[in-house]
A.B. asks: 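One structure, as structure tokens, below. Some questions next.
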Amino acid sequence: MATKRQQAYQDVLNRTPKHIEYNGKLSELFGQNVFHMEVMREYLPSEAFKSMVESIQNGTQLDRKMADQVASAMKDWALTKGATHYTHWFQPLTGATAEKHDAFFKPVGPGKAIESFNGDLLVQQEPDASSFPNGGIRNTFEARGYTAWDPSSPAFVIGKTLCIPTIFISYTGESLDYKMPLLKALHAVDQAAVEVCQYFDKNVTKVNATLGWEQEFFLIDQALFNARPDLMMTGRALFGHAAAKGQQLEDHYFGSIPDRVAAFMREYETESLKLGIPVTTRHNEVAPNQFECAPIFEECNLANDHNLLLMDVMEKIARKHNFRVLFHEKPFAGVNGSGKHNNWSLSTNTGVNLLAPGKNPKSNLQFLTFFVNTIKAIHDNSDILRAAIASAGNDHRLGANEAPPAIISAFIGSQLSSLLDDIEKNVKSGKMTPEDKTELKLNIGKIPQILLDNTDRNRTSPFAFTGNKFEFRAVGSTANCSSAMIVLNTIMAKQLKGFKKSVDARIDKGEGKDEAILKELQKLIKESKKIRFEGNGYGEEWRIEAEKRGLSNLKDTPRALKVWGEKKVSALFDEMGVLTPRELEARKEIEFENYILKIQIEARIMGDVVQSMIIPSVIEYQNKLIANVQGLINVLGDKAGKEAAKGQIELIQRISVHLNQMKHAADHMLKERKAANQIEHAEEKAEAYCDKVKIHFDEIRYHADKLELLIDDEMWPLPKFREMLFTR
Ligand code: ADP
Ligand code: MG
């Protein structure tokens, strides 16, 4: 009888691409299922439309009457799209999105019903949320949380459901999600950046953070996925010897996309475009069966909603094509892991990208201001940024010589490095003469408008300037970008506020505006120098150099998360109005908890697979060898038989050695897991899981992978890497 693995493999070989073709123009699809501005203009009375625009642009609250009108328009529009239900769509701290569906349907008398939806239902909903993580917030106060409408992100229809983006909060008003603090951080950076922009242009009244994410993922066949309990339960292969061919040839990168995969991509792209997600780029990634998808950048909150929506759409569509999408940061040891680069910048209502050099000295001084302040913000808060990207999955990636190291640094390229060095040396400390000023202006005017030089890119830096934006590369592929974006925008807001204060103080003392700005920038350049690094971030030299510079190198999640407990960190988030100390404390608990759960599940699955899949198959094969040896002895006699069976006997012994050591390590791990479970305190428990439980994974796997090579291919129970990564 064929094993599950063999059946699965047969399924894969029989697959054909499922072309679900759309032959029209893509532009015609765009935003089809979104309740966007143009639809609102059509469906809303003009007064309500105006309030909506006002609310979207300035975050003002809609009054009851207007909310009713918007709800009714939304419903009418959604019905034309075939929707029967609506849901508040939110982002609990589990990392996934959540929804609870209710019907538009409302009985209005015997045998009579109408489709109904009103402002109350639009604005607020009470999901039964007791099972979402809350870090103790809801337990001590009110048992329930509620969701509240975020008008700045448009509603959309998926299938037969109208989805309304919402924040998720406790009854006491504390955030239990990613969206609420993100909106607050975006508000903080908006206010702080507008004030600084006033030095350069009085017309700036609004600054938006922009986000362009690049989503990496693996695709594997559904049948193979289902034959691997580790992938099903944890999203990563806990076992598996590397295939004879890995990514050495780099033939997958930018190679042609296989037909079955292309069919899948076309379908999820079509669906994404209908949802208003501007996906434009797709290509193969470095590892076999690894791909990337990227949209055009958007306002940060919207871009993040779109990322979560896309992940959801991809998962659903993948199943239709008999694929599974793996968003895990490191599904397969030995080949590259997956990240989610977060390209970030700030842009004004006047259409200026504040991180793009301009055409003249004045706009370049504005560029330099935002550029240098970003570097200083990273310098002062690198540990918070590190904590923002910490997760059990990302631990496999950071510092593994394929992704940025766990040491946070910033790369800016040679041209800008020398410009900053210049300012550092040449801005005079005393009063500047007119000649000094002219000379400096000339230098600043020399910043080329286009810095997008491909030769001057550094792929090993966690935080790199790429010509007109910073690219935060250390974000994990499963992450909600908000984690990183909340921190980045909050620390930027704090930095810009401080900058404004210092420059104003200089101006009050009689310095000219440009001079005050330049002198302040010079100070920031000096103070933040140690965070700048232009070399190879993967090298051992950098680790040593970084240590000398006093930069942190927080290697694992439990260590990285500790920073949430620091007084100055909670003071920062509190001051910027993003998270109260209580909210931050709750988040810290949840993140430690998430880490513990992830490692706990991996440990359990590892134990199960060893015990119930690997050991039985190994024994079966070993018995075959033993029978063969006994047979040879029967036929040839003891001495000659043993001589003839030398190879088999050696194999039997080698198998025993690995089996025993694997089992020994698994038993040891189990003992440590039980001990860790006795620990009450989340932080200590996470450390125990990291240092005492997870530490055995490599040893268990080492022996299991050796056994994979030793036993009969027909008998090995788990789909092998070559099958998962090289069959389409
Ligand atoms: P890479 O070489 O890292 O793959 P790409 O050019 O593919 O870089 O990706 C650049 C990404 O940066 C795109 O997703 C794009 O939308 C985004 N991007 C470009 N300009 C901005 C900006 N001003 N703000 C945020 N993201 C941006
Ligand atoms: Mg990139």
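Positions are given from 1, in the same order as the sequence printed here. When a ligand or atom number is given, it counts from 1 through the structure's own listing order.
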A.B. asks: Please work out which of the three classes, parallel, tilted or perpendicular, describes the rings of Phe332 and Phe721, given edges at 30° and 60°.
C.D. replies: perpendicular
A.B. asks: Do Trp344 and ligand 1 have an N or O pair less than 3.5 Å apart?
C.D. replies: no
A.B. asks: Could you tell me which non-hydrogen atom of Val196 sits nearest to which non-hydrogen atom of Leu496, and how far apart they are?
C.D. replies: CG2-O, 3.7 Å
A.B. asks: Can you say whether the rings of Phe371 and Phe470 are parallel (under 30°), tilted (30 to 60°) or perpendicular (over 60°)?
C.D. replies: parallel
A.B. asks: Contact between Pro295 and ligand 1, counting heavy atoms under 4.0 Å?
C.D. replies: yes
A.B. asks: Taking atom NE2 of His36 as the centre, report whether more than 12 heavy atoms of other residues, nucleotides or ligands fall under 6.0 Å from it.
C.D. replies: yes
A.B. asks: Check ligand 1 against Gly212 and write out every atom of the ligand that is under 4.0 Å from a heavy-atom position of the residue.
C.D. replies: 25 (C), 26 (N)
A.B. asks: Side chain, backbone, both or neither: which applies to Arg459 and ligand 1 if a contact is any heavy-atom pair less than 4.0 Å apart?
C.D. replies: side chain
A.B. asks: In terms of atom number and element, which parts of ligand 1 are under 4.0 angstrom from non-hydrogen atoms of Asn353?
C.D. replies: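 In order of numbering, the contacting atoms are 23 (N).
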A.B. asks: From atom 16 (O) of ligand 1, work out which of Phe470, Phe297, Trp213 has a heavy atom at the shortest distance.
C.D. replies: Phe297
A.B. asks: With heavy atoms of Ile296 as the reference, note each atom of ligand 1 found under 4.0 Å away.
C.D. replies: 16 (O)
A.B. asks: Could you tell me whether Asp421 and Arg532 have a side-chain N and a carboxylate O separated by less than 4.0 Å?
C.D. replies: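 Salt bridge present between Asp421 and Arg532.
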A.B. asks: If you take the nearest heavy atom of each of Arg473, His341, Lys469, Glu471, which one is closest to atom 3 (O) of ligand 1?
C.D. replies: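 Heavy atom nearest to atom 3 (O) of ligand 1 belongs to Glu471.
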A.B. asks: Is any NZ, NE, NH1 or NH2 atom of the basic residue among Glu315 and Arg319 found under 4.0 Å from an Asp or Glu carboxylate oxygen of the other?
C.D. replies: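 Salt bridge flag = no for Arg319 with Glu315.
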